[in-house]
Every structure is written in C-alpha cells, then in structure tokens.
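What follows is one structure encoded as structure tokens, with my remarks underneath.
Within every chain, numbering begins at 1; the chains are lettered A, B, ... in the order of the sequence lines, protein sequences first and strands thereafter.
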There are 2 protein chains.
Amino acid sequence: MANIQQVAQKAGVSVATVSRVLNNRASVRPKTRLKVENAIKELNYEPSMLGRNLRNSESRLLLVLIPSISNPFYTEIIKGIENIAIINNYNFLLCETDSNPQRENIYFNMVKNKLADGLISMDPTVNMQKLNELAESHPVIQCSEYDEDGTIPYVTIDNELAAYHAVKHLIKLGNENIALINSDEKYLYTRQRRKGYERALNEFHLPFRNEWMYNCEQLDFENGVHAMRMLLQLREKPSAVFAVSDTLAIGALKEINVSGLKVPGDIAVVGFDKISFSNMTNPTLTTIAQPMYKMGCTAANMLINRIKGNKVESIVLDHELIIRESTMG
Amino acid sequence: MANIQQVAQKAGVSVATVSRVLNNRASVRPKTRLKVENAIKELNYEPSMLGRNLRNSESRLLLVLIPSISNPFYTEIIKGIENIAIINNYNFLLCETDSNPQRENIYFNMVKNKLADGLISMDPTVNMQKLNELAESHPVIQCSEYDEDGTIPYVTIDNELAAYHAVKHLIKLGNENIALINSDEKYLYTRQRRKGYERALNEFHLPFRNEWMYNCEQLDFENGVHAMRMLLQLREKPSAVFAVSDTLAIGALKEINVSGLKVPGDIAVVGFDKISFSNMTNPTLTTIAQPMYKMGCTAANMLINRIKGNKVESIVLDHELIIRESTMG
DNA sequence: ATGAAAGCGCTAACAA
DNA sequence: TTGTTAGCGCTTTCAT
C-alpha cells in the first residue's frame, strides 16, 4: 500500500504538495495538481486516516449508547443521528451496552482514548455518575432519558404531558377505570409518565387504584402479557389500559385476545413509541409518537457543536397522539 | 490531556518503560512499574489509541454492512459478531447502506483508508464487483447472502434445503395447494428458496402454478399484505403459504385475518427467520430458524482470521423448522 | 506556488 | 532491566 511519500516521489513534488492536493487547498498550480493526481492514480494510493487522525488529534467517530439494538424504539433516532453524522463527515458506532457496566466502560474508554470524539447516551440504565464524570472532560449528550440533576445537555420530549394526553384520550372515550402498565420507577421517564397519568385522572375526578398500576422490569412483550394477565384477574377490571411502550401494549393486546375479550370493545389500549409493528397488530395500536428522527438529528447536532467547543442547551421536542383501531370503536 | 512523555517525566523513566507498563510487558521491575502506575494515576493519563493505531497500522475496528438496522433479521447475527469482536479486542461499526451505493462507498473507503481492518457484508444488494475488488487487497467476509462465482469466503445456510423442509412440512399436513411469497429473483437466496419449494412440490407430484408464486420487491409487512391479497383473489386459492421472511408472513397473516379466513384452519402459513415478533402474532408463526448468533460468531471469527493473514474456508450452517400455531390445527 | 522539517503519541529494535 | 531513537503517515508552519 502506497503512502504519501511515494506519491510525492513519483509526482516529483514534496509531501506537503501532495497533502495540499488531498485536502483541496487552493494554492496548488493546476499543472502540479495534475501531476499529483496522476501519481495517486498510478499508485492506487489511498490516504491513511490513521496518520491524519493522529496529526489532527481527532477520530471523527461518534459513539451512540443504547441498551439493545433489537429494541425498535431506537431505529428512527439512529437514522437521524446517522444522517447528521454523515453530512458532517463523521462516522458513528452503535454501542450496545446490554445494561452491562463492563460494556459501558469499554465505550467510555474509547472516548477517553481518543478513539471517539464524543458520545450520545440513549441508555436509561447508564451509570450516571460515570457519565457525568466523562462529560466533564469530553463531549457528551443525552437523548430521550436524562439526568435531572446533572449538567449534561439532553434532547427529550415532555413525558408527563405525553402520558397525560394518552390518558385524557381514553377518558374522553368514556373510560373511567384506566390501568397503567409502566416501567420500573427507577427510570425518570417512568416517574414522569406516572405523574401524567395521575394528573389526568385527578383532573376528571376518576378513581385511582394502586392495583391498576403495574410496574414491569422490562419493556418487552412477555411483560406486557404478564401485566395484562394480572389486571384481568382483578375483581374490578379496568376498561382501558395505557402501556408506556408499544411492545408492552402488544403483549397486553395478545393477552386480552387470549382471554376472549375484544379490543377496543371490552378494553381499549394505548401504547407509546409508534414502533413500526404497532401498525401491524390486529387491531392496530393507538400510540404516542415521539419525533424520533428529529430527536436523533438534534442530538447529533448538539454533540457536533459540543465537539467544536460550543455551548449547547437542552431541548424538549413535541409528541403526538396517533389514534388507531385499539381505541376506536 | 497528558501524553506518554509527561508520564515518563513524572515517573522519572523513559517513554519506552511507560509503554512497557501500558502493554504489560514482563521486563519491568515491580518498583519501576509502581512508579509509572502512580504517575499515570496522578496525571489522569489515558493512552491515545490514535498514536498506537498509527504505530501498529491497525484500527481494531470491523465494519458490518447491513441494508437497514430496523430489520430484525440481523439483530442476533450482530450480537454474535459483537461477542467475538469484543473477546478479540475489536470494535465494530454497524453500517447501514440503505441499499445506497454512495453509502456503500463510504464504508469501502473506510477499509481502504485503514480506518477499519476488515468488513463483513450482510447486504444482499451490495455491489458485488466492488466488493470483490475490495476483497482483493483487504479482509472481507460475506454473511448469509453471498456471491456464488466470487472468491470471498462466506457463512450461510442451505437455503434450498430450508425451503424444501418448510414446504414439505406443509405437504405433510395435507396441503396440496401451496403458494410461495418470495423475494426478488435478483437475490441468490430467492432463487435458492424457490428451487427448494419446487423440489418439494415435484417430489410429491403436487400442482405447480405460476400464479401461486408471488415475488416482492421488499421483505416487509406491506408487501406481505399485498401478496396475500393477490393470492386470495385467485379463483383457485392456496390452502397454505410459505413466505420467505417472517415480516412477509406476518403481513399475510394480517390479510387472511382481515378477509375473514382463519389461520391455520383455512390457510396455513410458514415464515422464515424466526424474528422475535414471530412469537407475538396471533396465531404464533411457524418459521425456519437460522442459527443467527452462531452465524455472526462464525463470520466474525473468519474475518479476524483473515486479518491475521490466515486462509479461511466458507461454511454452511444448519437450519431448523420451528412448528407453531400457524400450521397447527 | 512549493519545499523542508517538526511533530501528533505511540511501539519496538537496538544498545547499554 | 532500562533508555535512546527511529519511524508509523499525515498536516502545517515557516522559508524561499
């Protein structure tokens, strides 16, 4: 593999001139440029980013932390990040942490070791202390889940308001007994969405029962099935369910179906996230859409700004209620 | 940010000794090692991979080409790759090509530019000529889809045999009119699976009709719905459907449901891939499971071997028929 | 417009 | 066991 030296030699110029051609600097005579370009072609030369990166002390690589790549929630956000990254000539590395601190550490170290120029965390299980520590000396942005007390800039939606809208929608349809299938209270968004749920119930003076609030450890299908099974065993069954993720809601849908009840006739269901599969269920799922793509773009832009050394402010984006069959008689 | 020089100075040793400590070389007196370790701690030193990588002329980064990260088909394979990568102290970059040649080029260039040490392609739409070209001078492995005529090593399953098994299963259940919802014939796996379908029909002397073979451009839900709609409009309807992907099959399921027919009572359905959602449908989906995780591990091991300069041979892995509700009365 | 040379941070060959 | 030094491939400053 040829290097810049050999190109310079073959073209009969200095390495500095070759570098100038490579970087499209203006101050090169067209004739010289041509000589260099020919040499590059003849030698099949490809510049090594290893040398360039060391010299410029940058890697042009961004890290994106997610708990699991199989979670469809993240796909659109990632596309947004990718889009902005590519426009700005950055690459990005999708880092699956599996909520495993060791994995997390690998990626934190990549930033510290200059293998990456910055990091976007979308992992709600991330070690906040370590993340804050990293952010002290390196560019870090949080996307979706964030630390209320920390100083790391974030992009998110108003989770409380979104939950409030979802529950209000169910109330307006005439439901009075509304259950909440929620995530673990250790997550900020869980607490925020519960608040929104409670606010809607209070506003309409509806009954509030602890047994209608079910907390799951994971946001997956099985937990949705299980949660719904529990709710259906209650003496006083809910007539509507708000699940804080579509996968949970799809699990609930399945269990309602299995038990012989109908959605939305017997029980209405609202999910959260508008994952692509939420449109493939039977019935299709009413859900809260987050502006995923925009969120990804915003996060990436914030990070790149950070890397450039600029100050960036946190941003709260709008959500939208998507009404589909699971709440339409 | 401190560098190796400053550590050496603070510890009162040479940079070579610091390097030895960093790389756990044996020939360092415990006392000296301690001095260096203290200096590292005091200065909060983190070695720069930029320097190390240039010196070692390696990036320890692997590229994984996929058409779309939102395709659940790839998740388990990726986990396999990740696992092996981490064990061997490699990182990997998930590269979404969107079947866009320009994107593809970015990633090919990363390998040429030494920003990545090798590449695993899982993209059936990849430009085979360019891939073969790259493989001439750089480590490349194909996973799942491959080039029959090329010389690039690959991991895959026996697609023809898998399709044969799926169709035979439907035949054994008493089905005689079996439709095939297939992908585009430009893909090798499409042609291979069609062959398996035809072989099973031939073996049992079953009718073969062109109108029962439906080719889709994309393997998504909407195409499955559409394909099934076409099949249901035929005068002679099939009593069973083999779809070459679960997302297609789930679309077919939906359409059958909408049309008032029952699965498997009226029409039995078999999918392909065993994506996680195939277990969440109603009824659950009979499908062909590929050893995804193993496939990923195998591909990664092959690539790392390639990078080390070893010769590697292509590998064909076993598949498995997973019988679930969509074919069980 | 072009070249010479320093240096980014690290590893390893060689010397001591 | 430790130090000295060259050099990985590139960019950029300073001369010319």
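- Look at NZ on B:K114: it is 13 Å from C1' on D:dC10, rounded to the nearest Å.
- Place B:G51 and B:V13 on DNA chain D by their nearest nucleotides, and B:V13 ends up nearer the 5' end.
- Mapping heavy-atom proximity under 4.0 Å, the span of DNA chain C touched by chain B runs 5' to 3' from C:dG9 to C:dA13.
- Judged by distance alone, the side chain of A:D184 and the main-chain N or O of A:E217 form no donor-acceptor pair under 3.5 Å.
- Rounded to whole Å, the distance from CE on A:M49 to C1' on D:dG9 is 11 Å.
- Using a 4.5 Å heavy-atom cutoff, the side chains of B:M122 and B:M295 are not in contact.
- In this structure, B:N159 CG and B:Y187 OH are separated by 14.0 Å, a value rounded to the nearest 0.5 Å.
- With rounding to whole Å, B:Q9 atom CD is found 15 Å from D:dG3 atom C1'.
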(request) Quick one: do A:E96 and B:K79 satisfy side chain to side chain contact (heavy atoms under 4.5 Å, CB included)? Show the steps, please. (result) CA-CA 9 Å; A:E96 190 177 36; B:K79 288 193 184 183; 3.3 Å; yes

(request) Please assess B:L63 against B:F108 for the test side chain to side chain contact (heavy atoms under 4.5 Å, CB included), listing each intermediate value before the final yes or no. (result) CA-CA 9 Å; B:L63 260 38; B:F108 286 175; over 6 Å; no

(message) Test side chain to side chain contact (heavy atoms under 4.5 Å, CB included) on A:Y90 and A:I307; report intermediate values, then the result.
(response) CA-CA 11 Å; A:Y90 277 91; A:I307 291 171; 3.5 Å; yes

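- Residues A:Y146 and A:S314 have side chains not in contact (no heavy-atom distance under 4.5 Å, counting atoms from C-beta outward).
- At a threshold of 4.0 angstrom between heavy atoms, the contacts of B:S48 are confined to the sugar-phosphate backbone, with no base atom among them.
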(request) Take nucleotides 11-16 of chain D nucleotide by nucleotide from the 5' end and write B, S or -, depending on whether a protein heavy atom sits under 4.0 Å from the base, only from the sugar-phosphate, or from neither. (result) BBB---

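- When side chains are defined from C-beta on, A:L131 does not count as touching A:D147, because their heavy atoms never get closer than 4.5 Å.
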(message) For a side chain to side chain contact (heavy atoms under 4.5 Å, CB included) check, start with the C-alpha distance between B:V126 and B:E145, then their side-chain angles and the critical distance, and finish with the verdict.
(response) CA-CA 10 Å; B:V126 75; B:E145 180 79 352; over 6 Å; no

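- Counting heavy atoms of neighbouring residues, nucleotides and ligands inside a 6.0 Å radius, atom CD of A:E58 exceeds 12 of them.
- Counting non-hydrogen atoms under 4.0 angstrom, A:L50 reaches nothing in the nucleic acid.
- Remark: side-chain polar atoms of B:N3 are paired, donor with acceptor, to backbone N or O of B:Q5 under 3.5 angstrom.
- An end-to-end axis angle of 40° holds for the helix from C:dA1-D:dT16 to C:dA16-D:dT1, taken from five base pairs per end and rounded to 10°.
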